[in-house]
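Counting begins at 1 with the first residue of the sequence.
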Amino acid sequence: MSGWDLIKVIFILAVCHEAFAIKCWDCRSDSDPKCADPFDNSTVPITDCKEIPDLPHLPGVRPTMCRKIRQKVNGEWRYFRSCAFLGEPGIERDERFCLMRTGTYNIFMEYCTCNSKDGCNSAVSLISSTILIAISCLSLSYLW
């Protein structure tokens with residue numbers, strides 16, 4: 001392997017590693033009103049999801065996405081933003097769409113999951129590029 005090939009491999013590994021490490025906003029509107037929409041991240045920490053410890057009920061599962069939950073209970077809106085361990089980005093891998101559920105007792109929930117970029121759980125509308133990142137990483141290896 002030549003020096004140029006080694007540089008290409010290191011570059012591809014660095015780019016692909018960044019694609020799978022994500023940082024997400026982590027807050028709850030019941031403890032910080034700035035967590036609600038419109039979102040104001042001036043008092044909200046961004047969390048590196050790779051630093052979150054394993055969950056006891058999901059051993060070996062790591063958070064790879066960001067999640068925003070918008071919940072209406074008895075007429076009151078609540079917002080939750082965090083790293084996500086399970087699910088898929090958006091609906092059928094399209095982050096522009098969120099999963100919505102309604103229930104009894106005047107309950108409404110909207111789950112938005114994304115992994116297109118750091119802090120993607122700040123937006124009302126999410127845009128998908130996860131597949132694009134993966135394809136780019138693979139394409140780079142073939143171009144060089």
Legend entry - Pairing of Arg67 and Asp26 as salt bridge, 4.0 angstrom limit: no

Inset, instruction - Consider only side-chain heavy atoms of I, L, V, M, F, W and Y, link residues closer than 4.5 Å, and tell whether Ile69 and Met100 are in one cluster. - result: no

Legend entry - Minimum heavy-atom distance between Lys23 and Asp118, given as atom pair plus value: N-OD1, 2.9 Å

Legend entry - Reported CE-to-CG distance for the pair Met65 and Leu86, which is rounded to 0.5 angstrom: 7.0 Å

Legend entry - Residues Cys35, Cys27; criterion disulfide bond (SG atoms under 2.5 Å apart); working and verdict: CA-CA 6 Å; Cys35 188; Cys27 61; 2.0 Å; yes

Inset, instruction - Could you list the residues that satisfy side-chain contact (heavy atoms from CB on, under 4.5 Å) with Ser42, not counting sequence neighbours? - result: Lys34, Asp40

Inset, instruction - Would you please say whether a donor-acceptor pair under 3.5 Å links the side chains of Asp32 and Thr43? - result: yes

Inset, instruction - Determine, using the 4.5 Å side-chain heavy-atom cutoff (strictly less than), whether Ile107 and Phe80 are members of one ILVMFWY cluster. - result: yes

Legend entry - Nearest-0.5 Å distance that lies between atom CG in Asn121 and atom CH2 in Trp25: 8.5 Å

Legend entry - Pairs where residues 98-107 contributes a residue and the test salt bridge (Lys or Arg N to Asp or Glu O under 4.0 Å) is met, not counting sequence neighbours: none

Legend entry - Given Pro63, Ser116, Cys120, the one that forms side-chain contact (heavy atoms from CB on, under 4.5 Å) with Ile22: Cys120

Legend entry - Asp54 side-chain N/O to Pro59 backbone N/O, donor-acceptor pair under 3.5 Å: no

Legend entry - Contacts of Asp30 that satisfy side-chain contact (heavy atoms from CB on, under 4.5 Å) - sequence neighbours left out: Arg28

Inset, instruction - Kindly write out the residues that satisfy side-chain contact (heavy atoms from CB on, under 4.5 Å) with Leu55, not counting sequence neighbours, or none if the list is empty. - result: His57, Leu58, Phe85

Legend entry - Contacts of type ring pair (Phe, Tyr, Trp, His ring centres under 6.0 Å), residue Tyr111, not counting sequence neighbours: none

Legend entry - Sequence neighbours excluded, every pair satisfying side chain to side chain donor-acceptor pair (under 3.5 Å) that has a member inside residues 69-80: Arg70-Glu110

Legend entry - Reported OG1-to-CE distance for the pair Thr102 and Met109, which is rounded to 0.5 angstrom: 11.5 Å

Legend entry - Thiol sulfurs of Cys83 and Cys66 closer than 2.5 Å: no

